Amino acid sequence: MRCAGIFGCLVLLTVGFTSLYFRFLPSLTIMDFLPSDYKHKLRPKINLDDTLNFGARPLVQTQTYWKAPVIWEGMFDPNLYDQKHIEGRSSVALTVFAVGRYLDAYLNTFLTSAEQHFMLGLPVTYYVFTDLPDKVPKIQLAPRRSLKVIPVLKQSNWQDISMMRMKSISETIESEIRDHSDHVFCFDVDQEFKGRFGSEALGDSVALVHAHFYKLPRERFTYDRNPKSKAFMETGDFYYHAAIFGGLWENVKNLTDTCYLNIMEDKINGVEALWHDESHLNKYFWTYKPSRLLSPEYCWDQTIGDARDINVTRLIWAPKDYKTLRTK
């Protein structure tokens, strides 16, 4: 009788656990039981570029010779992109440096405008790199959006701050971002979001076409022409703006590692690239072609007189007083 009682209890327990298993099974997937590294690798690849309308903007270049799209307003269906990236559980890390007086001048506007326009509907983590962590403003964040402050040392001059961000981004990708976000976007802080900056901008490797150069002939691009520099270029495809770059975390880490090592080699050799990290960024994208280019709509300078191609200003340059901002 005692054995029969024990057997009955075991049957009841089995039935109970089986019932719970089938009750919660629909909400569980294999993804929930895997380490974060494997989750990123097993998520389905989202490719909506076949839906892009490359003929929607006949007056501007919409595709490169290596078949990478150049994203302009009118080429994509924003609702379709958002739906697929939400279904694919895409997540984004945004890095921004706010060092010295740049924090007071720009960070609050940058973050509050990002909350209104950047990757709405997707999980976003802001990584604010600053030498003044106590002064980072408290921003009201939407659900599934968070902010982390990364303290950095103050550099001796603004050129070093600009160059050393590559090392800091790489280290943070390795220590944290890779476990939480699929995509990384890196921004300059002296900018303000004005319109949708959404999931259509996500890609394996993302570069920004510089607003001041997209209509100019290549011979006028300000590449580094010094053969002694690792950033040296005789020619290139586009002139890219270092104010924004991004991609899958693996690719952004490779970019930042490569640029940092080249910058350090130049430093050892007593060389400084013409436009610092931007020169090295252009060399990187000349060697490793980006899979997605963002048009100047994604970072527009309102002092440019001819804005006929700009149907939407998604992000704008903020006015700058370098004499004040770069005072030590």
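Owing to the predicted nature of the structure, the values given are computational and were not obtained by experimental measurement.
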For [X], what residues pass the side chain to side chain donor-acceptor pair (under 3.5 Å) criterion, not counting sequence neighbours?
{"X": "Asp224", "result": "none"}
{"X": "Lys167", "result": "Glu171"}
{"X": "Ser229", "result": "Asp266"}
{"X": "Glu265", "result": "none"}

Just grab all the salt bridge (Lys or Arg N to Asp or Glu O under 4.0 Å) pairs involving residues 280-301, residues at least two apart or on different chains.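 Every pair satisfying salt bridge (Lys or Arg N to Asp or Glu O under 4.0 Å) with a residue in residues 280-301: Asp49-Arg292, Arg57-Glu297, Asp237-Lys289, Glu297-Arg314.
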Tell me, which pairs form a salt bridge (Lys or Arg N to Asp or Glu O under 4.0 Å) where one or both residues lie in residues 119-129, sequence neighbours left out?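 Those involving residues 119-129 do not exist here.
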Once side-chain hydrogen bond (donor to acceptor under 3.5 Å, both in side chains) is applied, what residue pairs with a partner in residues 107-122 remain, sequence neighbours excluded?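 Found Glu115-Tyr126, Glu115-Arg145.
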May I ask you to check whether Trp317 and His212 place their ring centers less than 6.0 Å from one another?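 Ring centres of His212 and Trp317 closer than 6.0 Å.
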Would Met164 and Met264 count as a side-chain contact (heavy atoms from CB on, under 4.5 Å) here? Give the steps. CA-CA 9 Å; Met164 291 298 291; Met264 289 300 100; 4.1 Å; yes
How long is the straight-line distance from CG of Asp204 back to CG of Leu248, given to the nearest 0.5 Å?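 With rounding to 0.5 Å, CG (Leu248) is 4.5 Å from CG (Asp204).
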Among all residues two or more places apart in sequence or in another chain, which pass the ring pair (Phe, Tyr, Trp, His ring centres under 6.0 Å) test with [X]?
{"X": "Tyr288", "result": "Tyr284"}
{"X": "Phe193", "result": "Phe110, Phe118, Phe187, Phe197"}
{"X": "Tyr239", "result": "His210, Phe213, Tyr223"}

State which residues pass salt bridge (Lys or Arg N to Asp or Glu O under 4.0 Å) with Lys215; sequence neighbours excluded, sorted by chain then number.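 If we apply the salt bridge (Lys or Arg N to Asp or Glu O under 4.0 Å) test to Lys215, skipping adjacent residues, the hits are Asp306, Asp309.
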With sequence neighbours excluded, what pairs up with Asp131 under the salt bridge (Lys or Arg N to Asp or Glu O under 4.0 Å) test?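 Salt bridge (Lys or Arg N to Asp or Glu O under 4.0 Å) list for Asp131, sorted by chain: empty.
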